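Let me begin by presenting the structure, written as structure tokens, before commenting on it.
Only heavy atoms go into these numbers, but all of them, side chains included; no hydrogens, no water, no symmetry mates. Since the structure is predicted, the reported quantities are computational estimates derived from the model, not experimental observations. Read the numbers this way: they start at 1 and go in the same order the structure lists the ligands and their atoms.
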Amino acid sequence: MSKVYVFNDFGSPENQELIDRPAPQPGPGELAVRVRAAAVNPVDYKIRTGRYGRDQSLPAPMGQEISGVVTAVGDGVDGFAIGDEVLGPVVPGYGAFAEDTLVRATDAVAKPAEIAFADAATIPVAGATAYDGTHQIELEPGQKLLILGAGGGVGLMAAQIGKVHQFTVIGIASQAKREIVESTGAMFVLSGENVADRVRQVAPEGVDLILDLVGGDALRQVAGLVTDPARIISAADPDTAGKLGGSALQRTREAMEKITGVIEYNLVDPHVSALYPLDRAGDAIAAVETGHATGKTVIEMN
Ligand SMILES: NC(=O)c1ccc[n+]([C@@H]2O[C@H](COP(=O)([O-])OP(=O)(O)OC[C@H]3O[C@@H](n4cnc5c(N)ncnc54)[C@H](OP(=O)(O)O)[C@@H]3O)[C@@H](O)[C@H]2O)c1
């Protein structure tokens with residue numbers, strides 16, 4: 001048997017538990033992976049609340065992104081073999097907070113030896129989203145990228161990618177994240193009331209792109225700072241971004257491979273700030289569910 005963390009009903013975290021199941025077997029085109037690390041994302045608890053629908057069968061395995069070692073290969077798989085170290089998004093329904101899971105071979109990327117399993121687990125969702133959010137609209141060196149939610153999992157990586165491209169990065173976050181946001185080379189601006197005035201102090205002409213990782217009122221407060229409303233991209237709240245003239249962050253297939261290379265060459269640090277064992281997956285999810293996580297929270301398997 002193999003352990004997996006699930007929720008048994010939509011709603012609150014009380015419905016989560018660690019259960020045993022037979023280790024998943026790969027179908028055509030799939031890899032079975034012994035999970036070494038899985039990163040936690042806001043989407044994990046959002047799915048559990050039911051806000052994305054309630055048609056998923058229960059118990060529902062939790063988690064989206066993993067790194068690990070291939071233990072079996074399905075029919076028709078090219079390019080991967082048993083023993084390979086990989087990272088990737090899991091096949092829907094199998095979960096990431098698990099000892100064993102499945103990844104489609106076409107979604108998997110070979111894990112470079114230089115990247116630790118914990119860091120690699122942050123690449124398929126958070127890393128790739130940071131990559132897409134900084135490439136969907138290409139800025140020129142010196143142009144201003146405003147990141148709302150700069151101290152979280154996506155934000156810290158996006159800030160570093162922005163610096164690699166020599167953008168002027170302005171990161172909005174709470175006071176506790178000042179040091180870590182500044183360590184990326186970004187200018188720190190304190191979140192909260194009158195945040196737009198504080199951004200104007202460092203960018204009197206406004207900004208060239210807003211990458212929104214928070215949404216709602218926080219986005220509405222800063223939206224007027226962008227020179228062109230079409231240059232608002234949101235990973236957190238596409239509806240509000242759309243009403244303001246912006247758009248949803250679009251995910252691309254190439255992002256995962258590209259950001260893997262960037263991390264391999266030490267140009268971006270995923271900032272894994274908290275590690276939990278699988279039997280404390282609930283605490284790991286709760287830490288992200290506060291909405292105020294720093295960097296990435298990762299669950300490591302034995
Ligand atoms: N569409 C996609 O494919 C995709 C992929 C990944 C993530 N997302 C979404 O993108 C968002 C960010 O993801 P994430 O993984 O980076 O989340 P995260 O790690 O939980 O970070 C969110 C950050 O937002 C900050 N924050 C909260 N309220 C704020 C405010 N009013 N002003 C400024 N910062 C504020 C939090 O810390 P402080 O409050 O302490 O500053 C926290 O660091 C989530 O909504 C997630 O669901 C979408």
Would D84 and K111 count as a salt bridge (Lys or Arg N to Asp or Glu O under 4.0 Å) if you check the C-alpha gap in whole Å, the side-chain angles of each, and the deciding distance to 0.1 Å?
CA-CA 8 Å; D84 285 354; K111 184 188 83 62; over 6 Å; no
For F167, ring-ring contact (aromatic ring centres under 6.0 Å, His included) partners two or more places apart:
H165
The ring-ring contact (aromatic ring centres under 6.0 Å, His included) partners of Y131 (sequence neighbours excluded) come to H135
Does one side chain, of E17 or N8, offer a donor that lies under 3.5 Å from an acceptor on the other?
yes
Sorted by chain and residue number, the residues having a heavy atom closer than 4.0 Å to an atom of ligand 1 are P42, K46, V125, T129, L148, G149, G151, G152, G153, V154, I172, A173, S174, K177, S191, L213, V214, A218, A235, A236, R251, G291, H292, A293, G295
Rounded to the nearest 0.5 Å, the CD atom of E14 sits from the CG atom of D9 at a distance of 11.0 Å
So which pairs with a foot in residues 123-146 pass salt bridge (charged side-chain N to carboxylate O under 4.0 Å, His left out), sequence neighbours left out?
D132-R251
